[in-house]
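Take a look at the structure below.
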Amino acid sequence: MYSEDDKTILNRMKKGVPSDIDTSEGSFIHDALSPVSQEIAKQEINLDEILKRAFAITAAENGYSTELDNRCAEQGVIRKSGTSSTGQVTFTGSENTVVPEGTVVETLGGLQYETTEAAVINGGFASVNIASTLVGDKYNVPASTIVQLPVQVMGITKVTNANPTSGGTDVEDDESFLKRYLAKVQNPASSGNVSDYVEWAESVNGVGGAKVFPLWNGNGTVKVCIVDSNKEPASETLVAAVQNYIEGVRPIGAAVTYKAAEALNIDVSAKVVLSSGYTLQSVKDNFSASLNAYIKAIAFTNSYISNAKVGDILLNTAGVLDYSGLTLNGSTSNVGFKDEEIPVLGTISLGV
């Protein structure tokens, strides 16, 4: 690193002055060199900042996302822009009322979606496909939560979503983006090896991880298994997008199968001793959030979920003094995954 304080620079500059010339504080030499040393110190700080921006790892570590984008683009690695959440809503209203394409509906919290097609109310109802106006995981909402129109449409009296919305993913964060970049530069492309298939799959917008099985069904066969950016089984649409992309870039000759990972629900049960001031529900919410983060982190990386690790997460949850009787899927043992399985948070049952 280049940074020095201005006093260190000033003293070094004074050493170049002949010994018979006064350089003490208040002298002409001191007063002339002092502002110069301060300016040099500022520029050395700037040089350190340039170093942080110039390399992918330091750019990611210091939050220089634009510089990280530029560095990765040199290797053809582009940040994934996230995907919209999609689903369907049902409008209730007067017969023959037209629901225009682009009609905005929203949750009580203000998450907005637009209809992707026009429809006409027939028999009092009209079901219409929707997509979120912005990308992001937060737009994947439960059933019966999209219940209002910010701008009323004449003839429509009610709107709701009978099923959850899905498929929304966030813009790729710096850490995940850097990981993909390093995987590419540290594992040079070959003629369709495992690393190639992983790179191709993970470059598709909405993909959060891929696992490749060469020779899975004999010579010349490859299986590509994927999860979405939320570390959940990929949708049929996302699997199709991966297939379309890889089929356009891979070498000919292999028979490739594409599929989503299979979900393995992880149900957790335990008794807890609560700290003063905490409710069982607040502890459950905190524990669920921490456990879900752990589960997502090990998708396609670990072959099992550790009972001890889950216990550690529970013990370190705010409001928990102690716990007992911890089980995962009804057992006190670790829970293993098959090759194509990923863990998904199931039922959390905590008692006192």
Side-chain angles (χ1 to χ4, degrees), residues 79-95 97-173 176 205-208 227-238 241 260 263 265 279-293 295-296 299 318 342 344-348:
R79 188 189 300 270
K80 287 181 276 191
S81 57
T83 56
S84 296
S85 181
T86 59
Q88 192 175 76
V89 293
T90 299
F91 292 95
T92 303
S94 304
E95 197 71 8
T97 295
V98 176
V99 182
E101 180 180 349
T103 298
V104 177
V105 294
E106 65 181 13
T107 65
L108 292 176
L111 298 178
Q112 294 192 335
Y113 306 76
E114 291 183 349
T115 58
T116 58
E117 57 194 357
V120 178
I121 293 179
N122 186 10
F125 304 95
S127 294
V128 189
N129 292 327
I130 58 169
S132 58
T133 55
L134 298 174
V135 302
D137 173 55
K138 67 180 180 181
Y139 288 91
N140 299 326
V141 297
S144 304
T145 53
I146 304 174
V147 293
Q148 59 187 19
L149 290 84
V151 178
Q152 190 62 43
V153 177
M154 187 69 67
I156 295 177
T157 59
K158 182 182 177 182
V159 62
T160 189
N161 59 313
N163 298 301
T165 59
S166 62
T169 59
D170 295 326
V171 175
E172 189 172 23
D173 59 55
S176 300
N205 197 23
V207 174
V227 295
D228 67 18
S229 294
N230 300 319
K231 297 303 175 69
E232 297 175 352
S235 65
E236 292 182 3
T237 301
L238 185 56
N265 285 341
T279 65
L280 188 60
Q281 186 60 52
S282 66
V283 166
K284 181 179 178 180
D285 291 343
N286 293 336
F287 174 59
S288 296
S290 298
L291 180 58
N292 197 38
I295 285 176
K296 290 178 181 295
I342 57 167
V344 175
L345 188 62
T347 302
I348 306 296

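These figures come from a predicted structure and were not determined experimentally.
- A donor-acceptor pair under 3.5 Å links the side-chain atoms of N230 to the main chain of G168, judged by distance alone.
- Annotation: side chain to side chain donor-acceptor pair (under 3.5 Å) contacts of N265 (sequence neighbours excluded): none.
- Formation of a donor-acceptor pair under 3.5 Å by the S84 side chain with backbone atoms of V135 is not found in this model.
- Taking each heavy atom of T97 and M154 in turn, the nearest pair found is CG2-O, 3.4 Å.
- In this structure, I146 and T165 have side chains that are in contact, with non-hydrogen atoms separated by less than 4.5 Å.
- Between V147 and T160, the shortest heavy-atom distance links the atoms CG1-OG1, 4.2 Å.
- Under the 4.5 Å side-chain criterion, counting only non-hydrogen atoms from C-beta, I130 is not in contact with E114.
- Counting only distance, with no hydrogens or angles, the side chain of D170 and the backbone of D137 share a donor-acceptor pair below 3.5 Å.
- Of the possible polar contacts, none joining the N140 side chain to the P164 backbone as a donor-acceptor pair under 3.5 Å is found.
- Checked by atom type and distance alone, the side chain of D228 pairs as donor or acceptor with a backbone atom of K231 at under 3.5 Å.
- Using a 3.5 Å distance cut-off with no hydrogens or angles, the side chains of S132 and S85 do not pair a donor with an acceptor.
- Side chain to side chain, T107 and T145 fail the donor-acceptor criterion of an N or O pair below 3.5 Å.
- When the ring pair (Phe, Tyr, Trp, His ring centres under 6.0 Å) test is applied to Y113, the partners found at least two apart in sequence or on another chain are Y139.
- Not counting sequence neighbours, the partners of K296 by the salt bridge (Lys or Arg N to Asp or Glu O under 4.0 Å) test are E232.
- Contact detail for Q112 and P150: the closest heavy-atom pair is NE2-CG, 3.8 Å.
- Atoms CG and CG, on L345 and L291 in that order, are 5.5 Å from each other to the nearest 0.5 Å.
- Between the side chain of S282 and the main chain of T279, a donor-acceptor pair closer than 3.5 Å is present.
- Listed for the T86 side chain is no donor-acceptor partner under 3.5 Å among the backbone atoms of A131.
- Residues forming a side chain to side chain contact (heavy atoms under 4.5 Å, CB included) with T103 (at least two apart in sequence, or on another chain): F91, V99, P100, T115, L149, V153.
- Side-chain N/O atoms of D173 and S176 include a donor and acceptor closer than 3.5 Å.
- Residues L238 and N205 share a closest heavy-atom pair of CD1-O, 3.5 Å.
- Counting only heavy atoms from C-beta outward, the side chains of Q88 and N163 never approach each other to under 4.5 Å.
- Closest approach of A263 to V344, counting heavy atoms only: CB-CG2, 3.6 Å.
- G208 approaches K80 most closely through the heavy-atom pair N-NZ, 4.5 Å.
- Counting only residues at least two apart or in different chains, side chain to side chain donor-acceptor pair (under 3.5 Å) contacts with residues 146-159 comprise E106-Q148.
- Checked against side chain to side chain contact (heavy atoms under 4.5 Å, CB included), A126 has the following partners two or more places apart in sequence or in another chain: A119, I121.
- Looking at E172, its side chain never comes within 3.5 Å of a backbone N or O of G82 through a donor-acceptor pair.
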